Amino acid sequence: MRLVIYPNGHGTGRDDEGYVCVYLAIVGTDELPSNWEVNATFSICLFNHFSGNYIYSLGRGRRFHDLKKEWGFMKFISKKDLTDPSNGYIVNDKCVFGAEVLVNENKAVTECMSLTSIVDIYSYKQEFKLTNLSTLKEKWTSEEFTAAGHKWMIDVYPNGKGVKVGRCLSIYLQHVVSNNCAERVRPCFTICLKNQSSDHRHHKMSTSHWFLASKSETWGWISFIELSSLKDPKRAISS
């Protein structure tokens, strides 16, 4: 397989104008048998030179075949965010993309299980209310909560973090160290700022990341929302 990147968009209707498109393509198909197909679950990642970590697209499962050899994300990241030097994606005119691919073998199904029960076990929702936001210091940390057998907290920097101090609200999911477990866990998570006047105008961002159970680390957004938008009374956003 290989990555195919369109720095200036690739949509025929130009819906992706202003975005970078990234696709995963299967190659070398001449060596495959006729009527071949490959079922794969994959994520596309982009390296952040400031944090030393990758940002991930949410994993998706797709079927590759002779008539559809490419799958991916038409709006992976905006060109504005990618080329902003303060975001840390481009250094010395270079950026690093990658892919994580899991190929599923085609096997006969001998057992069935309820997908709903899996979702019920591993899905989790937690809500926190921040009061007196304007008076908070450099960092606010939520109380500890448990999801999928792991302990987590939310870190909020009301006035921003690093190069975004005074410009954006920064927010992260923190994985709490577990000395009794050495496994890795990769949650797909969404953080949301609620709009108090409209359920259709919440500010949400989603991502996924591998956390080591034996290491305390955070993952999230240094530029979650601009402070000018957060403090705009017309937006009526609450934390």
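Just so it is clear, the model here is predicted, and its values are computed rather than measured. Because only heavy atoms are used, hydrogens play no part in the values below, and waters and symmetry mates are left out as well, while side chains stay in.
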Verify the cluster assignment for L102 and F42: are they in a single hydrophobic cluster under the rule of side-chain heavy atoms below 4.5 Å apart?
no
How many angstroms lie between atom CG of N39 and atom CZ of R62, to the nearest 0.5 angstrom?
11.5 Å
So which heavy atom on K79 is nearest to which on P7, and how close?
CD-O, 3.2 Å
List the steps and the verdict of side chain to side chain contact (heavy atoms under 4.5 Å, CB included) for L169 and Y157.
CA-CA 6 Å; L169 180 141; Y157 296 81; over 6 Å; no
N87 side, atom CG; K80 side, atom NZ - distance, nearest 0.5 Å
10.0 Å
Applying salt bridge (charged side-chain N to carboxylate O under 4.0 Å, His left out), name anything that partners D84, two or more places apart in sequence or on another chain.
K164
Go through the structure and list residues passing salt bridge (charged side-chain N to carboxylate O under 4.0 Å, His left out) with E70, not counting sequence neighbours.
none
Heavy-atom closest contact (I26 atom, M1 atom, distance)
CA-CG, 4.1 Å
Do you know the tightest heavy-atom contact between A99 and L24?
CB-CD1, 4.3 Å
Considering only heavy atoms from C-beta outward, does the side chain of P187 approach that of F211 to under 4.5 Å?
yes
Cluster check V165, I225: I/L/V/M/F/W/Y, side chain < 4.5 angstrom
no
Can you confirm whether S86 sits close enough to R167 that some side-chain heavy atom of one is under 4.5 Å from a side-chain heavy atom of the other?
yes
How about CD on E226, more than 12 heavy atoms from neighbouring residues, nucleotides or ligands closer than 6.0 Å, or not?
no
V20 pairs by side-chain contact (heavy atoms from CB on, under 4.5 Å) with which of I77, D81, L46, T83?
I77
Under a 3.5 Å distance rule, please check whether S170 uses its side chain to pair with a backbone N or O of I222 as donor and acceptor.
yes
Under 4.5 Å between side-chain heavy atoms, hopping through other hydrophobics if needed: is there a path connecting V176 to Y172?
no
Looking at side-chain heavy atoms only, is the closest gap between F73 and Y19 below 4.5 Å?
no
Contact summary for I191 and W221, nearest pair of heavy atoms:
CD1-CZ3, 3.8 Å
So do the side chains of E217 and H209 get within less than 4.5 Å of each other, counting heavy atoms only?
yes
Between L173 and W152, is there a side-chain heavy-atom distance shorter than 4.5 Å?
yes
Distance-only polar pair, side chains of D155 and T141, donor-acceptor under 3.5 Å
yes
With rounding to the nearest 0.5 angstrom, report the CD to OG distance, Q126 to S142.
7.5 Å
Measure across I90 and C95 and return the closest heavy-atom pair with its distance rounded to 0.1 Å.
CG1-CB, 4.0 Å
Same cluster or not: W36 versus V103, using hydrophobic residues (I, L, V, M, F, W, Y) connected whenever any side-chain heavy atoms lie under 4.5 Å apart?
yes
What verdict does the side chain to side chain contact (heavy atoms under 4.5 Å, CB included) test give for M153 and H175, after you've listed the backbone C-alpha separation in whole Å, the side-chain angles of each residue and the deciding distance to 0.1 Å?
CA-CA 7 Å; M153 293 188 292; H175 183 248; over 6 Å; no
Quick check on K68: does its NZ atom have over 12 non-hydrogen neighbours (other residues, nucleotides or ligands) under 6.0 Å away?
yes
Are I55 and F50 in one and the same hydrophobic cluster, where Ile, Leu, Val, Met, Phe, Trp and Tyr link if side-chain heavy atoms are under 4.5 Å apart?
no
Show the numbers, then the answer: is there a side chain to side chain contact (heavy atoms under 4.5 Å, CB included) between W71 and F64?
CA-CA 8 Å; W71 287 103; F64 296 81; 3.6 Å; yes
When the ring planes of F128 and F145 are compared, do they come out parallel, tilted or perpendicular, using 30° and 60° as the limits?
tilted
Start with the C-alpha gap between I171 and F224, add the side-chain angles, then the distance that decides, and say whether side chain to side chain contact (heavy atoms under 4.5 Å, CB included) holds.
CA-CA 6 Å; I171 191 165; F224 184 75; 3.4 Å; yes
I'd like to know if the side chain of E100 pairs up with that of W210 as donor and acceptor (distance under 3.5 Å, no hydrogens or angles considered).
yes
Treating N92 as the side-chain partner and K94 as the backbone partner, does any N or O pair qualify as donor plus acceptor under 3.5 Å?
no
Flag side-chain contact, heavy atom, 4.5 Å: Y23 against M74
yes
Pair K161 + E138, salt bridge at N-O below 4.0 Å:
no
Tell me every residue that passes salt bridge (charged side-chain N to carboxylate O under 4.0 Å, His left out) with R63, counting only those two or more places apart in sequence or in another chain.
E37
